[in-house]
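Residues: numbered from 1 along the sequence shown.
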Amino acid sequence: MTETESGSRKSELESSWKQRLQGEFDSQYMKQLQDFLREQKALAKTVYPAADEIFAALNATPFDAVKVVILGQDPYHGPGQAHGLCFSVRRDVRVPPSLKNIYKELAADVNFVAPGHGCLNEWARQGVLLLNSVLTVEASLAASHKGIGWERFTDSVVNHLNDEAKNIVFILWGSYAQKKGLMIDRKRHLVLQSPHPSPLSASRGFYDCHHFSKSNDYLLAHNKTAIDWQLSS
């Protein structure tokens, strides 16, 4: 099985990821995870993102296109916010505080001009995998789906990138992402770490981290095209 079901909609997986992750979908933990999501539906719980957007990050950035990975924790849990890419929200949703701080660092680092929205699809299309460690959440309950199996699934995503690709930039903001990044081979890839961009921690080292320019410097040094971090308004 290569999809997660939730009600009448199903989330299909892009072919290059499907090929690599089929074993995860055939495993017992994933079947239990799918049962959990069906149970949430039966209990009339609201789960974000929509079922057909659960794998949006992987679908937007095929395996061979990945140049940069930004690791988040779990989806936004407010109405209309989550759409499957970490830190990103739909264009008609107010920009969340952490993303505002990311924009501030971008402005200082690469002369970024805030676009008036928080949708990061343009980064994903250029090879930035915007991956949350946990891919679903119950409405209004942050981290409510932690520990049900998604961490094992996204560990597999990171392991495939670590083992099969070369010269990827892994951007790890905060202790949660940094723990997940322990499996990454620093000789094979670039790992950039700082405190999380949350208003609670951004001033403790996220600002002036220069992760966006450092990413591009590394990509160019390894004969890859740089990311245009500027988002269209």
Side-chain angles (χ1 to χ4, degrees), residues 48-50 53-61 66-146 150 154 169-178 180-181 192-216 226-233:
Y48 299 129
E53 294 178 317
I54 289 174
F55 301 116
L58 298 174
N59 291 338
T61 314
V66 177
K67 294 189 286 188
V68 177
V69 179
I70 298 179
L71 280 177
Q73 187 162 345
D74 63 343
Y76 294 121
H77 53 81
Q81 290 182 306
H83 66 123
L85 308 181
C86 74
F87 294 104
S88 180
V89 292
R90 302 180 189 281
R91 280 180 168 257
D92 58 350
V93 174
R94 186 166 65 177
V95 179
S98 290
L99 186 53
K100 285 183 179 179
N101 289 339
I102 291 170
Y103 284 177
K104 288 178 184 177
E105 173 58 20
L106 277 160
D109 188 19
V110 294
N111 297 316
F112 176 89
V113 178
H117 65 81
C119 184
L120 307 181
N121 277 329
E122 291 173 64
W123 292 359
R125 288 195 292 268
Q126 293 181 73
V128 181
L129 179 61
L130 296 163
L131 182 68
N132 276 314
S133 295
V134 176
L135 299 188
T136 58
V137 69
E138 183 179 338
S140 303
L141 290 173
S144 51
H145 290 183
K146 181 179 179 181
W150 283 128
T154 53
V169 182
F170 289 87
I171 296 178
L172 311 178
W173 293 326
S175 59
Y176 191 91
Q178 286 159 22
K180 197 174 187 71
L192 299 173
Q193 300 186 171
S194 81
H196 195 277
S198 162
L200 298 174
S201 56
S203 62
R204 298 202 297 265
F206 173 74
Y207 294 133
D208 297 322
C209 68
H210 301 290
H211 283 177
F212 305 100
S213 60
K214 288 178 180 177
S215 294
N216 280 346
I227 304 298
D228 180 2
W229 296 107
Q230 183 60 54
L231 298 165
S232 59
S233 60

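- Expressed to the nearest 0.5 Å, how far OG of S198 lies from CD1 of I102 amounts to 10.5 Å.
- Between S232 and E122, the shortest heavy-atom distance links the atoms OG-OE2, 2.7 Å.
- Between the side chain of S144 and the backbone N or O of L141, at least one donor-acceptor pair lies under 3.5 Å.
- One finds the NZ atom of K180 at 10.5 Å from the CD atom of Q73 (value rounded to the nearest 0.5 Å).
- Taking the six-membered ring for Trp and thresholds of 30 and 60 degrees, F55 and W150 have ring planes more than 60 degrees apart, a perpendicular arrangement.
- Judged purely by atom type and a 3.5 angstrom limit, H211 has no side-chain atom pairing as donor or acceptor with the backbone of F206.
- Between K214 and E105 there is no salt bridge, since no side-chain N of the basic residue sits under 4.0 Å from a carboxylate O of the acidic one.
- Side-chain N or O atoms of N101 include one that pairs as donor or acceptor with a backbone N or O of P197 at under 3.5 Å.
- Separation of atoms CG (N111) and CH2 (W229) is listed at 15.0 Å; rounding is to 0.5 Å.
- At a threshold of 4.5 Å between non-hydrogen side-chain atoms, the residues Y176 and L71 do not count as touching.
- To the nearest 0.5 Å, the span separating CG on L129 from CD1 on I171 amounts to 11.5 Å.
- At least one donor-acceptor pair closer than 3.5 Å links the side chain of S133 to the backbone N or O of G72.
- Of all the heavy atoms in S213 and D109, the pair that sits closest is OG-OD1, 2.6 Å.
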D228 and Q126: side chain to side chain contact (heavy atoms under 4.5 Å, CB included), yes or no, with the steps? CA-CA 8 Å; D228 180 2; Q126 293 181 73; 3.5 Å; yes
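- Between I227 and F212, every side-chain heavy-atom pair lies at or beyond the 4.5 Å cut-off.
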**OP:** Verify side chain to side chain contact (heavy atoms under 4.5 Å, CB included) between L192 and S215, making sure each step is shown before the conclusion.
**Re:** CA-CA 8 Å; L192 299 173; S215 294; 3.7 Å; yes
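- When all heavy atoms of C119 and Y103 are compared, the closest pair comes out as N-OH, 4.5 Å.
- Aromatic rings of H145 and Y48 (six-membered ring for Trp) have centroids beyond the 6.0 Å cut-off, not under it.
- Ring geometry for H196 against F87 counts as tilted: the plane angle lies between 30° and 60°, on a 0 to 90° scale.
- Remark: side-chain polar atoms of Q193 are not paired, donor with acceptor, to backbone N or O of F170 under 3.5 angstrom.
- Annotation: R91, atom CZ; neighbour count of heavy atoms from other residues, nucleotides and ligands within 6.0 Å is above 12.
- In this structure, the side chains of N132 and T154 stay at 4.5 Å or more apart for every pair of heavy atoms.
- Contact between A56 and G84 at its shortest, heavy atoms only, is CB-CA, 3.8 Å.
- Minimum heavy-atom separation, V137 to A143: CG2-N, 4.0 Å.
- Between W123 and T61, every side-chain heavy-atom pair lies at or beyond the 4.5 Å cut-off.
- The closest donor-acceptor contact from the side chain of Q81 to the backbone of V93 lies at 3.5 Å or more, if one exists at all.
- For F112 against L231, the heavy-atom pair with the smallest separation is CE1-N, 3.8 Å.
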